[in-house]
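The structure appears right after this line, and notes come after that.
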Amino acid sequence: MGSLRISSFQLVPQVYTHSILSKTRAICSLRTQKSLVRALATQTSSSSSSAKMVKGIRVHEHGGPEVLKWEDVEVGEPKEGEVRVKNKAIGLNFIDVYFRKGIYKTPSIPYIPGVEACGVVTAVGPGLTGRQVGDVVAFAGGATGSYVEEQILPANKVVPVPPSIDPTVAASLLLKGMTAQFLLRRCFKVEPGHTILVHAAAGGVGSLLCQWANALGATVIGTVSTKEKAAQAKEDGCHHVIIYKEEDFVARVTEITSGNGVEVVYDSVGKDTFEGSLTCLKSRGYMVSFGQSSGAPDPVPLSALSVKSLFLTRPSLFHYTATRDELLETAGEVFASVDAGILRVRVNHTYPLSEAALAHSDLENRKTSGSVVLIP
(Lines give C-alpha, C1' and ligand atoms only; values in the text may rest on other atoms or scores of the structure.)
Protein backbone atom coordinates (compact mmCIF):
# COMPACT_ATOMS: atom_id res chain seq x y z
CA MET A 1 0.00 0.00 0.00
CA GLY A 2 1.44 3.41 -0.90
CA SER A 3 1.85 6.16 1.73
CA LEU A 4 -0.74 8.93 2.01
CA ARG A 5 0.59 12.35 1.15
CA ILE A 6 -1.22 15.65 1.73
CA SER A 7 0.22 18.65 0.02
CA SER A 8 0.25 22.08 1.64
CA PHE A 9 -2.12 23.55 -0.96
CA GLN A 10 -4.84 21.12 0.14
CA LEU A 11 -4.88 22.69 3.66
CA VAL A 12 -5.17 26.27 2.47
CA PRO A 13 -8.95 26.28 1.74
CA GLN A 14 -9.73 24.93 5.22
CA VAL A 15 -7.47 27.41 6.96
CA TYR A 16 -8.83 30.24 4.83
CA THR A 17 -12.42 29.24 5.53
CA HIS A 18 -11.75 29.05 9.27
CA SER A 19 -10.12 32.50 9.13
CA ILE A 20 -13.11 33.98 7.31
CA LEU A 21 -15.56 32.51 9.83
CA SER A 22 -13.52 33.84 12.76
CA LYS A 23 -13.40 37.34 11.29
CA THR A 24 -17.15 37.23 10.53
CA ARG A 25 -17.94 36.22 14.11
CA ALA A 26 -15.69 39.00 15.44
CA ILE A 27 -17.37 41.61 13.23
CA CYS A 28 -20.84 40.45 14.31
CA SER A 29 -19.77 40.46 17.93
CA LEU A 30 -18.37 43.98 17.61
CA ARG A 31 -21.55 45.20 15.95
CA THR A 32 -23.66 43.62 18.71
CA GLN A 33 -21.52 45.29 21.37
CA LYS A 34 -21.84 48.64 19.63
CA SER A 35 -25.63 48.20 19.44
CA LEU A 36 -25.78 47.41 23.15
CA VAL A 37 -23.65 50.44 23.96
CA ARG A 38 -25.92 52.67 21.85
CA ALA A 39 -29.01 51.19 23.58
CA LEU A 40 -27.56 51.75 27.03
CA ALA A 41 -26.53 55.28 26.08
CA THR A 42 -30.07 55.96 24.85
CA GLN A 43 -31.56 54.63 28.11
CA THR A 44 -29.13 56.67 30.19
CA SER A 45 -29.84 59.78 28.12
CA SER A 46 -33.59 59.17 28.47
CA SER A 47 -33.27 58.66 32.22
CA SER A 48 -31.14 61.78 32.60
CA SER A 49 -33.51 63.88 30.52
CA SER A 50 -36.49 62.77 32.66
CA ALA A 51 -34.76 63.90 35.86
CA LYS A 52 -34.51 67.57 36.73
CA MET A 53 -32.90 69.70 39.39
CA VAL A 54 -34.90 71.64 41.97
CA LYS A 55 -33.93 73.47 45.14
CA GLY A 56 -34.35 72.03 48.61
CA ILE A 57 -32.95 71.57 52.10
CA ARG A 58 -30.62 68.65 52.89
CA VAL A 59 -29.15 67.50 56.22
CA HIS A 60 -25.70 65.87 56.14
CA GLU A 61 -25.24 65.52 59.92
CA HIS A 62 -27.36 65.82 63.06
CA GLY A 63 -27.16 69.07 64.98
CA GLY A 64 -28.59 72.56 65.34
CA PRO A 65 -30.45 74.62 62.73
CA GLU A 66 -27.13 75.33 60.97
CA VAL A 67 -27.07 71.78 59.53
CA LEU A 68 -30.01 72.65 57.25
CA LYS A 69 -28.29 73.26 53.89
CA TRP A 70 -29.88 74.88 50.81
CA GLU A 71 -28.86 72.71 47.85
CA ASP A 72 -29.75 71.40 44.39
CA VAL A 73 -31.89 68.26 44.56
CA GLU A 74 -32.65 65.84 41.71
CA VAL A 75 -36.25 64.77 41.15
CA GLY A 76 -37.17 62.10 38.58
CA GLU A 77 -40.33 60.74 37.01
CA PRO A 78 -42.96 58.99 39.17
CA LYS A 79 -43.00 55.19 39.00
CA GLU A 80 -45.97 52.88 39.35
CA GLY A 81 -48.06 53.93 42.36
CA GLU A 82 -46.38 57.34 42.63
CA VAL A 83 -47.12 60.99 41.85
CA ARG A 84 -44.85 64.00 41.45
CA VAL A 85 -46.00 67.07 43.34
CA LYS A 86 -44.84 70.67 43.04
CA ASN A 87 -45.06 72.01 46.58
CA LYS A 88 -46.90 75.28 47.16
CA ALA A 89 -46.45 75.36 50.94
CA ILE A 90 -44.58 73.19 53.46
CA GLY A 91 -45.57 72.71 57.09
CA LEU A 92 -42.95 73.13 59.82
CA ASN A 93 -43.45 70.77 62.76
CA PHE A 94 -41.51 69.98 65.92
CA ILE A 95 -40.98 66.45 64.65
CA ASP A 96 -38.69 68.04 62.03
CA VAL A 97 -36.49 69.22 64.92
CA TYR A 98 -36.46 65.74 66.46
CA PHE A 99 -35.25 64.25 63.18
CA ARG A 100 -32.65 67.00 62.70
CA LYS A 101 -31.22 66.42 66.17
CA GLY A 102 -31.20 62.65 65.76
CA ILE A 103 -33.80 62.05 68.50
CA TYR A 104 -35.86 60.30 65.84
CA LYS A 105 -33.92 58.23 63.33
CA THR A 106 -34.00 58.63 59.56
CA PRO A 107 -33.26 55.66 57.26
CA SER A 108 -30.09 57.35 56.01
CA ILE A 109 -27.97 60.49 56.08
CA PRO A 110 -27.89 62.79 54.18
CA TYR A 111 -31.67 63.22 54.07
CA ILE A 112 -34.27 65.83 53.14
CA PRO A 113 -36.37 66.91 56.17
CA GLY A 114 -40.07 67.67 56.38
CA VAL A 115 -43.16 65.48 56.74
CA GLU A 116 -45.96 67.78 55.53
CA ALA A 117 -46.75 69.79 52.41
CA CYS A 118 -49.46 70.83 49.98
CA GLY A 119 -49.00 71.18 46.25
CA VAL A 120 -50.15 70.41 42.72
CA VAL A 121 -49.69 67.07 40.95
CA THR A 122 -47.38 67.56 37.95
CA ALA A 123 -47.04 63.91 36.85
CA VAL A 124 -48.52 60.50 37.67
CA GLY A 125 -46.95 57.07 37.48
CA PRO A 126 -47.90 54.52 34.80
CA GLY A 127 -51.30 52.91 35.24
CA LEU A 128 -52.29 55.10 38.17
CA THR A 129 -55.98 55.95 38.53
CA GLY A 130 -57.73 58.32 40.91
CA ARG A 131 -55.07 61.03 40.64
CA GLN A 132 -54.37 63.32 37.73
CA VAL A 133 -52.15 66.23 36.77
CA GLY A 134 -53.50 69.45 38.26
CA ASP A 135 -54.98 67.88 41.41
CA VAL A 136 -54.30 69.82 44.62
CA VAL A 137 -53.16 67.32 47.24
CA ALA A 138 -51.53 67.30 50.65
CA PHE A 139 -49.62 64.75 52.65
CA ALA A 140 -48.50 64.44 56.26
CA GLY A 141 -46.42 61.84 58.01
CA GLY A 142 -44.56 58.80 56.79
CA ALA A 143 -41.15 59.36 55.24
CA THR A 144 -39.33 62.69 55.39
CA GLY A 145 -38.66 64.72 52.27
CA SER A 146 -41.01 67.73 51.95
CA TYR A 147 -38.39 70.52 52.23
CA VAL A 148 -38.08 70.70 48.42
CA GLU A 149 -39.68 72.56 45.56
CA GLU A 150 -40.90 69.33 43.95
CA GLN A 151 -40.99 65.70 45.12
CA ILE A 152 -42.11 62.15 44.39
CA LEU A 153 -44.77 60.73 46.74
CA PRO A 154 -46.66 57.43 47.14
CA ALA A 155 -50.09 58.06 45.65
CA ASN A 156 -51.82 56.28 48.54
CA LYS A 157 -50.30 58.72 51.05
CA VAL A 158 -51.65 61.95 49.54
CA VAL A 159 -55.14 63.26 50.25
CA PRO A 160 -57.30 65.54 48.08
CA VAL A 161 -57.60 69.12 49.33
CA PRO A 162 -61.05 70.72 49.01
CA PRO A 163 -61.19 73.91 46.88
CA SER A 164 -62.31 75.79 49.99
CA ILE A 165 -58.94 75.15 51.71
CA ASP A 166 -56.00 77.34 50.69
CA PRO A 167 -52.74 75.40 50.09
CA THR A 168 -50.96 77.42 52.80
CA VAL A 169 -53.69 76.51 55.28
CA ALA A 170 -53.62 72.85 54.20
CA ALA A 171 -49.84 72.65 54.67
CA SER A 172 -50.08 74.21 58.11
CA LEU A 173 -53.09 72.15 59.14
CA LEU A 174 -52.98 68.54 57.97
CA LEU A 175 -50.40 67.01 60.31
CA LYS A 176 -51.42 69.09 63.33
CA GLY A 177 -55.13 68.74 62.57
CA MET A 178 -54.96 64.96 62.18
CA THR A 179 -52.92 64.82 65.40
CA ALA A 180 -55.62 66.79 67.23
CA GLN A 181 -58.30 64.55 65.72
CA PHE A 182 -56.87 61.24 66.89
CA LEU A 183 -55.89 62.65 70.30
CA LEU A 184 -59.37 64.00 71.03
CA ARG A 185 -61.52 61.48 69.21
CA ARG A 186 -59.72 58.15 69.50
CA CYS A 187 -56.73 58.16 71.86
CA PHE A 188 -58.97 59.54 74.62
CA LYS A 189 -62.49 60.44 73.58
CA VAL A 190 -63.29 63.88 74.96
CA GLU A 191 -66.95 64.37 75.81
CA PRO A 192 -69.17 67.13 77.24
CA GLY A 193 -68.47 67.66 80.94
CA HIS A 194 -64.81 66.58 80.79
CA THR A 195 -62.09 68.90 82.08
CA ILE A 196 -58.82 68.67 80.14
CA LEU A 197 -55.34 70.20 80.42
CA VAL A 198 -53.48 71.23 77.26
CA HIS A 199 -49.82 72.22 77.49
CA ALA A 200 -48.40 74.65 74.90
CA ALA A 201 -51.98 75.78 74.28
CA ALA A 202 -50.93 78.47 71.79
CA GLY A 203 -48.78 76.13 69.70
CA GLY A 204 -49.74 74.58 66.39
CA VAL A 205 -51.37 71.44 67.80
CA GLY A 206 -52.33 73.05 71.12
CA SER A 207 -54.36 75.76 69.41
CA LEU A 208 -56.39 73.16 67.50
CA LEU A 209 -56.84 70.97 70.58
CA CYS A 210 -58.30 73.91 72.52
CA GLN A 211 -60.72 74.91 69.76
CA TRP A 212 -61.91 71.37 69.06
CA ALA A 213 -62.23 70.36 72.73
CA ASN A 214 -64.26 73.49 73.44
CA ALA A 215 -66.58 72.63 70.55
CA LEU A 216 -66.97 69.12 72.01
CA GLY A 217 -68.23 70.63 75.27
CA ALA A 218 -65.16 70.18 77.47
CA THR A 219 -63.76 72.65 80.00
CA VAL A 220 -60.31 73.52 78.69
CA ILE A 221 -57.32 74.53 80.82
CA GLY A 222 -54.24 75.64 78.88
CA THR A 223 -50.67 76.52 79.76
CA VAL A 224 -48.62 79.11 77.84
CA SER A 225 -45.37 81.03 78.29
CA THR A 226 -46.38 84.67 77.69
CA LYS A 227 -49.31 87.07 78.06
CA GLU A 228 -49.56 87.39 74.28
CA LYS A 229 -49.96 83.63 73.95
CA ALA A 230 -52.45 83.66 76.82
CA ALA A 231 -54.66 86.04 74.83
CA GLN A 232 -54.52 83.74 71.81
CA ALA A 233 -55.36 80.68 73.93
CA LYS A 234 -58.41 82.52 75.28
CA GLU A 235 -59.57 83.24 71.74
CA ASP A 236 -59.08 79.56 70.91
CA GLY A 237 -61.50 78.43 73.58
CA CYS A 238 -59.41 78.02 76.72
CA HIS A 239 -61.65 78.63 79.72
CA HIS A 240 -58.64 78.93 82.05
CA VAL A 241 -55.17 80.00 80.91
CA ILE A 242 -52.08 79.52 83.07
CA ILE A 243 -48.86 81.42 82.34
CA TYR A 244 -46.50 78.79 83.71
CA LYS A 245 -43.57 81.22 84.07
CA GLU A 246 -45.59 83.26 86.53
CA GLU A 247 -47.46 80.59 88.49
CA ASP A 248 -47.32 76.90 89.38
CA PHE A 249 -49.58 75.10 86.90
CA VAL A 250 -50.15 72.16 89.27
CA ALA A 251 -51.43 74.43 92.04
CA ARG A 252 -53.65 76.34 89.61
CA VAL A 253 -55.15 73.16 88.13
CA THR A 254 -55.86 71.91 91.65
CA GLU A 255 -57.59 75.19 92.43
CA ILE A 256 -59.58 75.31 89.19
CA THR A 257 -60.83 71.72 89.60
CA SER A 258 -61.45 72.06 93.36
CA GLY A 259 -58.90 69.33 93.96
CA ASN A 260 -60.57 66.81 91.66
CA GLY A 261 -58.04 66.93 88.84
CA VAL A 262 -58.60 66.55 85.10
CA GLU A 263 -59.73 63.58 82.99
CA VAL A 264 -56.85 63.90 80.52
CA VAL A 265 -53.61 65.82 80.01
CA TYR A 266 -52.28 66.45 76.50
CA ASP A 267 -48.56 67.04 76.99
CA SER A 268 -46.24 67.91 74.11
CA VAL A 269 -43.62 69.58 76.34
CA GLY A 270 -42.14 66.52 78.02
CA LYS A 271 -39.43 66.81 80.62
CA ASP A 272 -40.46 70.13 82.19
CA THR A 273 -44.13 69.24 82.64
CA PHE A 274 -44.37 65.45 82.81
CA GLU A 275 -44.37 64.85 86.58
CA GLY A 276 -46.66 67.81 87.22
CA SER A 277 -49.03 66.52 84.56
CA LEU A 278 -49.37 63.19 86.36
CA THR A 279 -50.18 65.06 89.57
CA CYS A 280 -52.94 67.01 87.81
CA LEU A 281 -54.85 63.87 86.81
CA LYS A 282 -57.88 62.57 88.67
CA SER A 283 -58.20 58.88 89.49
CA ARG A 284 -58.18 56.73 86.33
CA GLY A 285 -57.09 59.78 84.34
CA TYR A 286 -55.22 59.62 81.03
CA MET A 287 -51.73 61.00 80.53
CA VAL A 288 -51.22 61.51 76.79
CA SER A 289 -47.59 62.37 76.06
CA PHE A 290 -47.26 63.24 72.36
CA GLY A 291 -44.12 65.38 72.27
CA GLN A 292 -41.01 66.46 74.14
CA SER A 293 -40.08 70.01 73.18
CA SER A 294 -38.23 70.46 76.50
CA GLY A 295 -36.52 67.06 76.29
CA ALA A 296 -37.41 63.45 77.06
CA PRO A 297 -39.16 62.91 80.42
CA ASP A 298 -37.32 61.05 83.15
CA PRO A 299 -38.20 57.34 83.47
CA VAL A 300 -41.40 56.70 85.42
CA PRO A 301 -41.81 53.61 87.63
CA LEU A 302 -45.09 51.77 87.16
CA SER A 303 -45.78 52.30 90.84
CA ALA A 304 -46.21 56.03 90.11
CA LEU A 305 -49.23 55.19 87.98
CA SER A 306 -50.78 52.82 90.49
CA VAL A 307 -51.32 55.60 93.05
CA LYS A 308 -54.39 56.76 91.10
CA SER A 309 -54.75 53.88 88.61
CA LEU A 310 -53.55 56.19 85.82
CA PHE A 311 -53.26 55.41 82.13
CA LEU A 312 -50.14 56.50 80.24
CA THR A 313 -49.74 56.47 76.45
CA ARG A 314 -47.16 57.76 73.96
CA PRO A 315 -49.16 57.64 70.71
CA SER A 316 -48.08 58.26 67.13
CA LEU A 317 -50.28 59.64 64.36
CA PHE A 318 -48.90 57.09 61.92
CA HIS A 319 -50.41 54.22 63.91
CA TYR A 320 -53.81 55.91 63.77
CA THR A 321 -53.67 56.51 59.99
CA ALA A 322 -52.11 53.18 59.05
CA THR A 323 -54.70 52.32 56.37
CA ARG A 324 -55.89 54.38 53.43
CA ASP A 325 -59.41 54.46 54.86
CA GLU A 326 -58.16 55.74 58.25
CA LEU A 327 -56.08 58.42 56.52
CA LEU A 328 -58.95 59.68 54.36
CA GLU A 329 -61.42 59.63 57.26
CA THR A 330 -59.08 61.53 59.58
CA ALA A 331 -58.10 64.15 56.98
CA GLY A 332 -61.70 64.50 55.88
CA GLU A 333 -62.89 65.28 59.41
CA VAL A 334 -60.13 67.90 59.78
CA PHE A 335 -61.04 69.71 56.55
CA ALA A 336 -64.76 69.48 57.37
CA SER A 337 -64.13 71.03 60.79
CA VAL A 338 -62.38 73.98 59.13
CA ASP A 339 -65.24 74.46 56.67
CA ALA A 340 -67.76 74.25 59.57
CA GLY A 341 -65.89 76.95 61.50
CA ILE A 342 -64.96 74.61 64.37
CA LEU A 343 -61.26 75.05 63.63
CA ARG A 344 -59.63 78.38 62.85
CA VAL A 345 -56.11 77.99 61.49
CA ARG A 346 -53.54 80.60 62.42
CA VAL A 347 -50.65 80.75 59.97
CA ASN A 348 -48.82 83.31 62.07
CA HIS A 349 -45.39 82.87 60.48
CA THR A 350 -44.15 82.21 56.94
CA TYR A 351 -40.51 81.85 55.89
CA PRO A 352 -38.89 81.25 52.50
CA LEU A 353 -37.87 77.58 52.26
CA SER A 354 -34.26 78.75 51.89
CA GLU A 355 -34.51 80.21 55.43
CA ALA A 356 -35.58 76.96 57.07
CA ALA A 357 -32.69 77.24 59.55
CA LEU A 358 -34.07 80.53 60.90
CA ALA A 359 -37.57 79.05 61.13
CA HIS A 360 -36.22 76.09 63.14
CA SER A 361 -34.35 78.41 65.47
CA ASP A 362 -37.42 80.57 66.10
CA LEU A 363 -39.59 77.49 66.71
CA GLU A 364 -37.14 76.00 69.22
CA ASN A 365 -36.75 79.30 71.06
CA ARG A 366 -40.55 79.64 71.38
CA LYS A 367 -40.65 82.78 69.28
CA THR A 368 -43.54 81.44 67.24
CA SER A 369 -47.21 80.79 67.91
CA GLY A 370 -49.81 78.99 65.85
CA SER A 371 -48.60 77.39 62.65
CA VAL A 372 -45.36 78.01 60.74
CA VAL A 373 -45.15 77.50 56.98
CA LEU A 374 -42.19 77.41 54.57
CA ILE A 375 -42.80 78.77 51.07
CA PRO A 376 -40.73 77.28 48.19
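Heads up: numbering here begins at 1 and tracks the sequence. What you see is a predicted model; the values in this text were computed from it and never measured.
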Taking C-beta and beyond as the side chain, do [X] and [Y] meet within less than 4.5 Å on heavy atoms?
{"X": "K229", "Y": "R366", "value": "yes"}
{"X": "L278", "Y": "L310", "value": "yes"}
{"X": "K234", "Y": "Q232", "value": "no"}
{"X": "V75", "Y": "I152", "value": "yes"}
{"X": "I375", "Y": "L353", "value": "no"}
{"X": "R346", "Y": "S371", "value": "no"}
{"X": "L305", "Y": "M287", "value": "no"}

Working to the nearest 0.5 angstrom, can you tell me the gap between [X] [atom1] and [Y] [atom2]?
{"X": "S337", "Y": "I342", "atom1": "OG", "atom2": "CD1", "value": "4.5 Å"}
{"X": "L317", "Y": "T179", "atom1": "CG", "atom2": "OG1", "value": "4.5 Å"}
{"X": "R131", "Y": "N156", "atom1": "CZ", "atom2": "CG", "value": "7.5 Å"}
{"X": "L173", "Y": "D166", "atom1": "CG", "atom2": "CG", "value": "11.5 Å"}
{"X": "I57", "Y": "I112", "atom1": "CD1", "atom2": "CD1", "value": "9.5 Å"}
{"X": "E61", "Y": "I109", "atom1": "CD", "atom2": "CD1", "value": "8.5 Å"}

Run the side-chain contact (heavy atoms from CB on, under 4.5 Å) check on C118 and V136 step by step: do they pass? CA-CA 7 Å; C118 178; V136 179; 3.9 Å; yes
Please find the pair of heavy atoms, one from V288 and one from P315, that lie closest to each other, and give the distance. CG1-CG, 3.9 Å
Where is the tightest heavy-atom contact between D339 and S164, given as atom of each residue plus distance?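 Looking at all heavy atoms of both residues, the closest pair is OD1-OG, 2.8 Å.
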Hydrophobic cluster of [X], others only, ordered by chain and residue number, side-chain cut-off 4.5 Å:
{"X": "V133", "value": "none"}
{"X": "V83", "value": "V85, V121, V124, L128, V137, F139, L153, V158"}
{"X": "V241", "value": "V224, I243"}

In this structure, are over 12 heavy atoms from other groups packed under 6.0 Å from K55 atom NZ? yes
E66 atom CD, neighbour heavy-atom count above 12 within 6.0 Å: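 Count over threshold, so yes.
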Shared hydrophobic cluster for I221 and Y266 (ILVMFWY, side-chain gaps under 4.5 Å): no
Between F182 and L312, is there shared hydrophobic-cluster membership here, with clusters defined by ILVMFWY side-chain heavy atoms closer than 4.5 Å?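 F182 and L312: separate clusters.
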Pair listing, salt bridge (charged side-chain N to carboxylate O under 4.0 Å, His left out) test, anchored in [range], at least two apart:
{"range": "residues 98-118", "result": "R100-E364, K101-E364, E116-K176"}
{"range": "residues 189-207", "result": "none"}
{"range": "residues 257-275", "result": "E263-K282, K271-D298"}

Show the numbers, then the answer: is there a side-chain contact (heavy atoms from CB on, under 4.5 Å) between F188 and L183? CA-CA 6 Å; F188 175 88; L183 290 176; over 6 Å; no
Should R84 and E77 count as an ion pair when the cut-off is N to O under 4.0 Å? yes
Verify the ring-centre separation between F249 and H199: is it less than 6.0 angstrom?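 When the ring centroids of H199 and F249 are compared, they turn out to be within the sub-6.0 Å range.
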Under 6.0 Å between the ring centres of Y286 and F311?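 Y286 vs F311: aromatic centres under 6.0 Å.
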By ring pair (Phe, Tyr, Trp, His ring centres under 6.0 Å) - contacts of [X] (at least two apart):
{"X": "Y351", "value": "none"}
{"X": "F274", "value": "none"}
{"X": "F290", "value": "none"}

Pairs under 3.5 angstrom only: tabulate donor-acceptor contacts from the side chains of residues 255-262 to other protein residues two or more places apart or in another chain.
{"from": "E255", "atom 1": "OE1", "to": "R252", "atom 2": "NH1", "distance (Å)": "3.3"}
{"from": "T257", "atom 1": "OG1", "to": "V253", "atom 2": "O", "distance (Å)": "2.8"}
{"from": "T257", "atom 1": "OG1", "to": "G261", "atom 2": "N", "distance (Å)": "3.0"}
{"from": "N260", "atom 1": "ND2", "to": "T257", "atom 2": "O", "distance (Å)": "3.2"}

Taking atom types as modelled and ignoring hydrogens, do the side chains of [X] and [Y] form a donor-acceptor contact shorter than 3.5 angstrom?
{"X": "E71", "Y": "H60", "result": "yes"}
{"X": "Y147", "Y": "D96", "result": "yes"}
{"X": "T219", "Y": "H194", "result": "no"}
{"X": "T368", "Y": "H349", "result": "no"}
{"X": "N87", "Y": "E150", "result": "no"}
{"X": "S207", "Y": "Q211", "result": "yes"}
{"X": "T330", "Y": "R185", "result": "no"}

Are the side chain of [X] and the backbone N or O of [Y] linked by a donor-acceptor pair below 3.5 Å?
{"X": "N348", "Y": "S369", "answer": "yes"}
{"X": "D135", "Y": "Q132", "answer": "yes"}
{"X": "E326", "Y": "T323", "answer": "yes"}

Looking at residues at least two apart in the chain, or sitting in another chain, which of them share a side chain to side chain donor-acceptor pair (under 3.5 Å) with K69?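 Side chain to side chain donor-acceptor pair (under 3.5 Å) check on K69 returns nothing, list empty.
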Which residue pairs satisfy the side-chain hydrogen bond (donor to acceptor under 3.5 Å, both in side chains) criterion with at least one member in residues 299-318, sequence neighbours excluded?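 side-chain hydrogen bond (donor to acceptor under 3.5 Å, both in side chains) check on residues 299-318 returns Y104-R314.
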Walk me through it: do L374 and E355 pass the test side-chain contact (heavy atoms from CB on, under 4.5 Å)? CA-CA 8 Å; L374 305 173; E355 296 180 10; over 6 Å; no
Please assess N93 against V372 for the test side-chain contact (heavy atoms from CB on, under 4.5 Å), listing each intermediate value before the final yes or no. CA-CA 8 Å; N93 298 279; V372 182; over 6 Å; no
